[in-house]
There are 4 protein chains.
Amino acid sequence: MAGVNKVILIGNLGADPEVKHLEGDKVVANLRLATTEAYKDRNGNRVENTEWHDLELWDGQAKVAEQYLRKGSQIYVEGKIKSDSWQDDQGNNRKKIRIRVLSFTMLGSRNSGQDEGMSGMGNSQNSMGRSSNNPVTSGPGVDNEEDASDDLPF
Amino acid sequence: MAGVNKVILIGNLGADPEVKHLEGDKVVANLRLATTEAYKDRNGNRVENTEWHDLELWDGQAKVAEQYLRKGSQIYVEGKIKSDSWQDDQGNNRKKIRIRVLSFTMLGSRNSGQDEGMSGMGNSQNSMGRSSNNPVTSGPGVDNEEDASDDLPF
Amino acid sequence: MAGVNKVILIGNLGADPEVKHLEGDKVVANLRLATTEAYKDRNGNRVENTEWHDLELWDGQAKVAEQYLRKGSQIYVEGKIKSDSWQDDQGNNRKKIRIRVLSFTMLGSRNSGQDEGMSGMGNSQNSMGRSSNNPVTSGPGVDNEEDASDDLPF
Amino acid sequence: MAGVNKVILIGNLGADPEVKHLEGDKVVANLRLATTEAYKDRNGNRVENTEWHDLELWDGQAKVAEQYLRKGSQIYVEGKIKSDSWQDDQGNNRKKIRIRVLSFTMLGSRNSGQDEGMSGMGNSQNSMGRSSNNPVTSGPGVDNEEDASDDLPF
DNA sequence: TTTT
DNA sequence: TTTT
């Protein structure tokens, strides 16, 4: 007990968010996030290693993700490891691990084409992008068991 | 913008919490926390280095701290760096940094003397201590700007 | 790229470490770690939720784990998420996620002499008195790709 | 003991790095990093709060910072809190807290060619195009006591 | 001023 | 399947 289960990730989305609107106003978004680390092997060659993570967001966070995140988006994520267990059709016990996202923040976004309207000046953290001036974060402290942040945080 | 400011500490309290009950039900607790790291210097000698941190807790967390933490308590802390600026009496600009605690958890507690009544069996994480079966944590997600957890979390 | 993949856990071991000594002085230890969170449900009842994590430690860290960790040990862990993929005997693609431990620290302590009577069952935090006074940590900064800390860190 | 002292920051540099080359090949870089959080106050108005941090990097990391970081650069930082104490000229005991950086990663990217026109003022996240495609990281695991990564990590 |  |  008295446990801590915390995950911190920075990476890019491999695809647009998959969002499901459930009964009772519940919304869940699933994201695929790639975290890539680069290092030099013993021969001095640069090696890249990518890990793919399954992220799960609920309600307010899911809506924000749906609206602002796209394939390629770079985000900072805080969450916890959560495993789901079930039996597959062959009767084997299966387990799948997901990252339950507690908060996330958009980072310097990619300069996709749809951002024509941006002036590009000013102190936006992202040099362009619709999302630029709307950093998307649930802030620290979004609780996981009952998400109080059903409103978009801006 | 889109910033992250996160501190994670594990250490021991140098003194009992200092708690002030303010008007309007506000409570603030100040803690002194020591984090010690040990390493070997170039001669292979073990060296210890202790850093002292000023922690600040509000309201529900402050009350929990007041009730359960004592000099020597080992805790896990999550928070953020917060600076206060003022002018001292000589007119110098001064700045003091505190850790604003967002959540904390008691870890294996010290076996002080007042714990006689503990049976010592069972699966408590602490082998004894009044606090043993009452892990004190605000859990993830206690918000900092307006603390919703004014109740003791157990 | 520019990725971050970080896991921070505090929990207790569900079993003694499983250690394998491989060819070429390589050592790997596998640990089962439980992180428990407690919260109140909507009815105000206290609920506990335990997540089990598969930890993997190599070389120096594995040796330290073998020597000092036991079922019930409470540890702080820093690591990263790592997935292994393979095909099972039915030809299904399978994936298993492990936490590659980069550093860990034993928690809880001062369980001086009074532990002799320990039955060894249950998840007491220190199943062995000896470990109490020997906090085991690789310190911050143990690299994961090639572990430089093959020596016990004390 | 068994302490943990960890800081995780994401923010933007308020100025170019200040780098000093010391005797014996030692290099130290000092950075000013702003972490901004936004939240809504009780009236629903968006409020921004910026915290400024003094970062200290040594040797290999300092060189990387000197070469790639500029005013406005957005970085992810991992480090620890470190206090320096001294007496000021009026005989007062003074203490200053710095973040000793253990690793950092440049964020934001893909700001390809369109940055040539940058005036350099304001806090755009990438004040230089060149840095954009060269995420600078020491990777996880750069040790703090004796930095082994004196080479640029790419 | 803590802890080992 | 992302990103550089």
Side-chain angles (χ1 to χ4, degrees), chain A residues 9-18 30-39 46-55 69-75 77 107-112, chain B residues 9-18 30-39 46-55 69-75 77 107-112, chain C residues 1-5 68 105-112 126 129-137 153-154, chain D residues 1-5 68 105-112 126 129-137 153-154:
Chain A
L9 305 173
I10 293 179
N12 298 278
L13 297 191
D16 288 352
E18 287 187 14
N30 288 281
L31 309 179
R32 289 281 286 167
L33 184 79
T35 58
T36 303
E37 67 178 327
Y39 60 94
R46 192 166 179 283
V47 184
E48 273 198 7
N49 194 34
T50 295
E51 194 68 44
W52 286 97
H53 309 269
D54 290 301
L55 311 186
L69 299 186
R70 293 292 173 269
K71 177 177 176 172
S73 296
Q74 186 187 35
I75 58 174
V77 166
L107 300 174
S109 65
R110 62 178 209 150
N111 307 338
S112 36
Chain B
L9 304 172
I10 294 180
N12 297 278
L13 298 192
D16 289 352
E18 287 187 13
N30 288 282
L31 309 180
R32 289 280 287 168
L33 184 78
T35 58
T36 303
E37 67 177 326
Y39 59 94
R46 193 166 178 281
V47 183
E48 273 198 8
N49 194 34
T50 295
E51 194 68 44
W52 286 96
H53 309 271
D54 290 300
L55 311 186
L69 299 185
R70 293 291 173 270
K71 177 177 177 172
S73 295
Q74 186 187 34
I75 58 174
V77 166
L107 299 174
S109 66
R110 63 179 209 149
N111 308 339
S112 36
Chain C
M1 214 204 307
V4 171
N5 173 357
Y68 292 102
T105 303
M106 288 191 71
L107 300 175
S109 49
R110 282 238 238 167
N111 289 22
S112 30
N126 287 299
R130 190 184 39 158
S131 61
S132 304
N133 299 306
N134 291 302
V136 179
T137 174
F154 46 84
Chain D
M1 215 201 310
V4 171
N5 173 356
Y68 292 101
T105 302
M106 288 191 70
L107 300 174
S109 49
R110 283 235 240 168
N111 288 23
S112 29
N126 287 301
R130 188 185 40 161
S131 60
S132 303
N133 300 306
N134 290 301
V136 179
T137 174
F154 48 84

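Each chain gets a letter, A, B and so on, in the order the sequences are listed, and its residues count up from 1.
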Report the distance from atom [atom1] of [X] to atom [atom2] of [N], rounded to the nearest whole Å.
| X | N | atom1 | atom2 | answer |
| --- | --- | --- | --- | --- |
| A:Ile75 | F:dT3 | CD1 | P | 13 Å |
| C:Leu107 | E:dT3 | CG | P | 16 Å |
| A:Glu51 | F:dT2 | CD | C1' | 13 Å |
| B:Leu13 | E:dT2 | CG | P | 11 Å |
| D:Asn5 | E:dT3 | CG | C1' | 15 Å |
| A:Glu48 | F:dT3 | CD | P | 12 Å |
| B:Glu18 | E:dT2 | CD | P | 15 Å |
| A:Arg70 | F:dT2 | CZ | C1' | 15 Å |

**Fill in**
Here the gap from A:Thr36 atom OG1 to A:Ile10 atom CD1, rounded to the nearest 0.5 Å, amounts to 12.0 Å
**Request:** State which residues pass side chain to side chain donor-acceptor pair (under 3.5 Å) with A:Asp16; sequence neighbours excluded, sorted by chain then number.
**Result:** none
**Those residues that, when tested against A:Asn30, pass side chain to side chain donor-acceptor pair (under 3.5 Å) (two or more places apart)** = none
**Item:** Side-chain-base donor-acceptor pair under 3.5 Å for B:Thr50 and E:dT2
**Value:** yes
**Prompt:** What's the shortest heavy-atom distance between B:Leu9 and B:Leu55, and which atoms?
**Reply:** CD1-CD2, 4.0 Å
